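So you know, we letter chains A, B, ... as the sequences are listed, proteins then strands, and number each from 1. Here the structure is a predicted model, which means the values were calculated and not measured.
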Number of protein chains: 2
Amino acid sequence: MANYADYLLMWLTRQGVTRIFGNPGTTELPLIEALARQSQIEYVLGLHETAVCAMADGLARLTRHIQVVSLHAAPGLANAEAMIYNAAFSHSPLLLLIGQQDTRLSYERPFLGADLKDRIKPLVLDVWDITDPDHLLRSLRQAWARLQVEPSGPVALILPMNILSQSVENNEDPLWQAPVVPVRTTNQPSQEIIEEFVSLLARPIPKALVIGDRAVTNPEVLPALFRVAHYGHCDVFSEPFATQLTFLPWNDGCYYGRLPRQEKDLARRLAPYRHVIGLGTEMFRVFTRDEDHLPWWDQAQVTQVDSDVRYFHYAPGTTSILSSLDAFIIGVANDLPDGIPCEPRAVSGIQDLTRPRAEEWETRDGTEQFWSSLASWISPDMIVVDESISGQNALLRHLQRQEPKTYYAQAGGSLGWGIGAAVGMCFDQGKPVIAIVGDGSALFGLYALWTAAQYQLPVRVLIYDNHGYQILKDQLPDNPRAHSLLDIRGPTIRWQPLLAGLSCPVFESELPKEPWEFEKVWQQFISQRGPSVWVVHEKI
Amino acid sequence: MANYADYLLMWLTRQGVTRIFGNPGTTELPLIEALARQSQIEYVLGLHETAVCAMADGLARLTRHIQVVSLHAAPGLANAEAMIYNAAFSHSPLLLLIGQQDTRLSYERPFLGADLKDRIKPLVLDVWDITDPDHLLRSLRQAWARLQVEPSGPVALILPMNILSQSVENNEDPLWQAPVVPVRTTNQPSQEIIEEFVSLLARPIPKALVIGDRAVTNPEVLPALFRVAHYGHCDVFSEPFATQLTFLPWNDGCYYGRLPRQEKDLARRLAPYRHVIGLGTEMFRVFTRDEDHLPWWDQAQVTQVDSDVRYFHYAPGTTSILSSLDAFIIGVANDLPDGIPCEPRAVSGIQDLTRPRAEEWETRDGTEQFWSSLASWISPDMIVVDESISGQNALLRHLQRQEPKTYYAQAGGSLGWGIGAAVGMCFDQGKPVIAIVGDGSALFGLYALWTAAQYQLPVRVLIYDNHGYQILKDQLPDNPRAHSLLDIRGPTIRWQPLLAGLSCPVFESELPKEPWEFEKVWQQFISQRGPSVWVVHEKI
């Protein structure tokens, strides 16, 4: 007789789920037993929850299909939280199946027991704490519906082991068979709102258009976005914490790359504009605040368009439009006249901080040349997974992606995501994938390479090793004593053996000085059948 | 001019703190800068929060001195939570300094920002969310006081970076100089309670005495505990989740080792007793519940003595005594007559499940002999850190420790603690330390070996590699398909290079068949100057 774990898997199979990423413990044994009884869903083991969640997250971001993760009760949830935190910021549709102790023991403080709902709640869109087997299917359907509404993100089901191993008595419940109706969001903007917005676009004042990740989840809106930007003579920016950078090709003259993340730089960059329009963005979100607070919005009118009220800001002079982003962008574009020319530079004399400026290139010896070579060797269809951290500004100066869905950066700030996300994307078996990670990041997420070796996934991982937490050193430029506390040296990490331990081939080099040096390693690195790693050592 | 971070370190120095274990991020930069300005407190870097927290936890458990941990805001807290969960169950006195974003940004959903208080609260004894610099010192003093009351455990201070980097204006505050008065608990039992308990002890019915970790935190109570047990003709057990096993030497005839963790086995073991006395224990805490619920307390009178009301149980027929455990045990012992003989076996025919039974020894080929040899080679003064998981029962059959404070097992169930805890204990530079860990556990906590290599700490780590999550396979004895989902094979972990990558020497062998084979590896393993690892491969 089948139990609830069997039915759970059958239901997931019917929704198109073909794999569950997980790391198991005792509370997952009913699920493991059920997995062993069927052959539709593959169990992809990760050696640590960071790897497990990052793999699922990468695949979810690439495919926009819901990915399923199995976590082991209190310990497994704890280990996964850093990656769940990232997934919340990238709105990755993840269904987290969190194991739980036997509910009949819950009042006796059992081993592995804990109130998981309180702990996971701040990190997810919603959580269902199953305490009655009859609620499992209903909660599952609710969770699945929630995951389909953008902005999506992780949701959690807490699944006690005794409930999963209970026999299903009411298998005639029509809900087991019923399909989940895809959720269609209908908050279309009215014609009045569209016309008002179009007339704002037509005003001859300097306008900045700030595009958030959520506005370009669907790359099919890109042509419409072009039209809107060109019609309004807008200078276009990605939001400061953009993790996808391909909504407007770099060769479009209106696009100026990503906004800076320091409050001071952001204020300086946006100060010339009299109207700042944000589409699906948290453009007020910064990294550090400066002593002299300089709100950039004081002199500007601000228009925010978003599908979720959570992201609206309080700034004075702001109009907030709650609307499906796709519908809004396409609606506005369709309202515009034909034949709009691209007239770049709404603000003359704008300093382009993102595009390469020759005088800045050679700040650290040979560094800039390396990032430039790397960017030139990455083929246009290759998916770049970016957790380069201290290298990111240099990378983005050169890596000007033209193709949608070929660039994904870590969201949230929890290190350890990059390698796993790239490995997860390889399960899609489409385009080639390269992760570019710092040494600090790599160490947090190394184990995903074991899974890559197991499946012989052709993931490429470039580890840029500057022997410490360079991003922190960069923030304390004149403090060598503090730098010594931030070193990963004495002993240095010996990558070759370390990764050989996970059965992953490694190439190591110093920063290549000549193009032929670069090419030599690159060709070997890129042509391995399974995973491969290239560790580039910056001289210190 | 000094800032709050400087003063924080000065205050900690005055309490005797000499090191902070940490992994840094941007929110910790004020602390890092302050650390670089002083030389009293050492910053011990770990490459992952699991290592950081496990090191602090091990040292705290060994020394019973408060250890300080620095964690990086939302991501660092997340990564640390599995070890904080363990520390809560072992009542380790840990002061967690959790970084936080600039409070002036908190309403703008800044990068790295999150409400950390809600997340940490379920895991710690108490948390202080500092939002005003004037509260820092006061909260710190409260936290320090709380840490000194047993049962102790982790407490957290949330420290926004802008507060730490603010100049201290009121440095005349006398609280900066004032010592923290050690907290003395005074809940002594009355003479009436003691006499009542002594008369219960004298009743001629079968009695079990269950000793919890918290009853023997202070090994000086051991002689008193002996007297109580012998006077009452009690059979003595450690609680099911005991993590210290040295309160009565194994050669005392009253001691029968640790109680089993499965409800069924626990019920069977305690059923013969008419009076069950628990001292500082959660003796009702089990791992798994069986279909047929068999409460062992139905036929017995139960007496619980504890210093914390949280641990009292609801069972009928129970008397609960709230008292300092040390004071209670010593008070009762002093009330007893002199010259008590040890008369073992309150219950005749008791099956001893913990002591070796010959017929059980050779369950897996060569396995039992290995654990027996290992136990015989571990010197009496060597500290054993036990995260052997599926090997634990076999280990405990042979490792019958006589010395207090020479055995520490993982509490809570989050894997990855063992190596770090042993490394942390080596900072005490007293006795030799060996960690015994499974392959699954080792992978979760490997990075602590990098810190061990950095400080050349003479930690010994024995990794018992059965190529998978054996504890889970043991729970599904007849399910080879499920076992294949729980394997860490294809590829197997190659420990030699993996650990060489962290600059740690490794010896690898199969299960030694002969004593001389064991000795040969053991002698090399044990005589390294810095850290060393011995990986023993069980044949599958």
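- Residue contact with chain A, scored on non-hydrogen atoms closer than 4.5 Å, is absent for B:Asn162.
- For the atom pair B:His48 NE2 and A:His48 NE2, the distance stands at 4.5 Å (nearest 0.5 Å).
- Nearest heavy-atom pair across B:Ser414 and A:Pro75 is OG-CB, 3.2 Å.
- Residue with the most contacts toward chain B among A:Leu47, A:Asp102, A:Asn79, A:Ile493: A:Leu47 (heavy-atom pairs, distance under 4.5 Å).
- Interface summary for chain A: among B:Gly416, B:Ala82, B:Ala34, B:Ala114, the most heavy-atom pairs under 4.5 angstrom belong to B:Ala82.
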Enumerate, atom names and distances included, each donor-acceptor pair closer than 3.5 Å involving a side-chain atom of residues 498-505 of chain B, sequence neighbours excluded.
none

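- Contacts of B:Thr27 with chain A are absent, with no heavy-atom separation under 4.5 Å from either backbone or side chain.
- Atoms CG and CD1, from B:Leu476 and A:Ile32 in turn, are 8.5 Å apart once rounded to the nearest 0.5 Å.
- For the options A:Glu49, A:Glu263, A:Arg37, heavy-atom pairs under 4.5 Å to chain B are most numerous at A:Glu49.
- With chain A as partner, the option from B:Pro240, B:Ser484, B:Gly113, B:Gly440 having the largest number of non-hydrogen pairs under 4.5 angstrom is B:Gly113.
- Contacts between A:Glu28 and chain B at a heavy-atom distance below 4.5 Å are absent for every atom of the residue.
- Both the backbone and the side chain of B:Phe284 come within contact range of chain A, each with at least one heavy atom under 4.5 Å from a heavy atom of that chain.
- The residue among B:Tyr311, B:Phe89, B:Trp495 with the most heavy atom pairs within less than 4.5 Å of chain A is B:Tyr311.
- Side-chain atoms of B:Arg289 never come within 3.5 Å of backbone atoms of A:Leu105 as a donor-acceptor pair (strictly under, hydrogens ignored).
- A:Leu29 is listed as a side-chain neighbour of B:Leu472, based on a closest heavy-atom distance under 4.5 Å.
- By number of non-hydrogen pairs under 4.5 angstrom with chain B, the leading residue of A:Thr492, A:Val286, A:Leu77 is A:Val286.
- Of all the heavy atoms in B:Arg310 and A:Arg109, the pair that sits closest is O-CD, 4.4 Å.
- For B:Phe287, the parts lying under 4.5 angstrom from a heavy atom of chain A are both the backbone and the side chain.
- Here the CG-CZ distance, from A:Asp118 to B:Arg119, works out to 13.0 Å after rounding to the nearest 0.5 Å.
- Contact of B:Gln496 with chain A is not made at all, since no heavy-atom distance falls under 4.5 Å.
- Every pair passing side chain to side chain donor-acceptor pair (under 3.5 Å) that includes a residue from residues 443-456 of chain A is listed here, sequence neighbours excluded: A:Glu42-A:Tyr455.
- If you tally non-hydrogen atom pairs under 4.5 Å between each of B:His313, B:Met161, B:Arg285 and chain A, the highest count goes to B:Arg285.
- Across every non-hydrogen atom of B:Glu33 and A:Asn479, the tightest pair is CG-ND2, 3.9 Å.
- Annotation: the span from A:Thr288 atom OG1 to B:Phe111 atom CZ amounts to 11.0 Å, rounded to 0.5 Å.
- Contacts between A:Ile471 and chain B at a heavy-atom distance below 4.5 Å are absent for every atom of the residue.
- Inter-residue side-chain proximity for A:Pro24 and B:Leu486 is flagged as met; some heavy-atom pair is nearer than 4.5 Å.
- One distance of note links CG of A:Asn23 with CG of B:Leu415; it measures 8.0 Å at 0.5 Å rounding.
- Contact of B:Pro491 with chain A is made through backbone and side chain together, with heavy-atom distances under 4.5 Å.
- Within the model, atoms OH of B:Tyr85 and CG of A:Leu112 stand 5.5 Å from one another, a figure rounded to the nearest 0.5 Å.
- Chosen from A:Leu35, A:Leu443, A:Ile488, the residue pairing most often with chain B at heavy-atom distances under 4.5 Å is A:Leu443.
- Checking side-chain atoms of B:Glu282 against main-chain N and O of A:Pro110 turns up no donor-acceptor pair under 3.5 Å.
- At a 4.5 Å heavy-atom cutoff, the contact between B:Leu45 and chain A is made by side-chain atoms alone.
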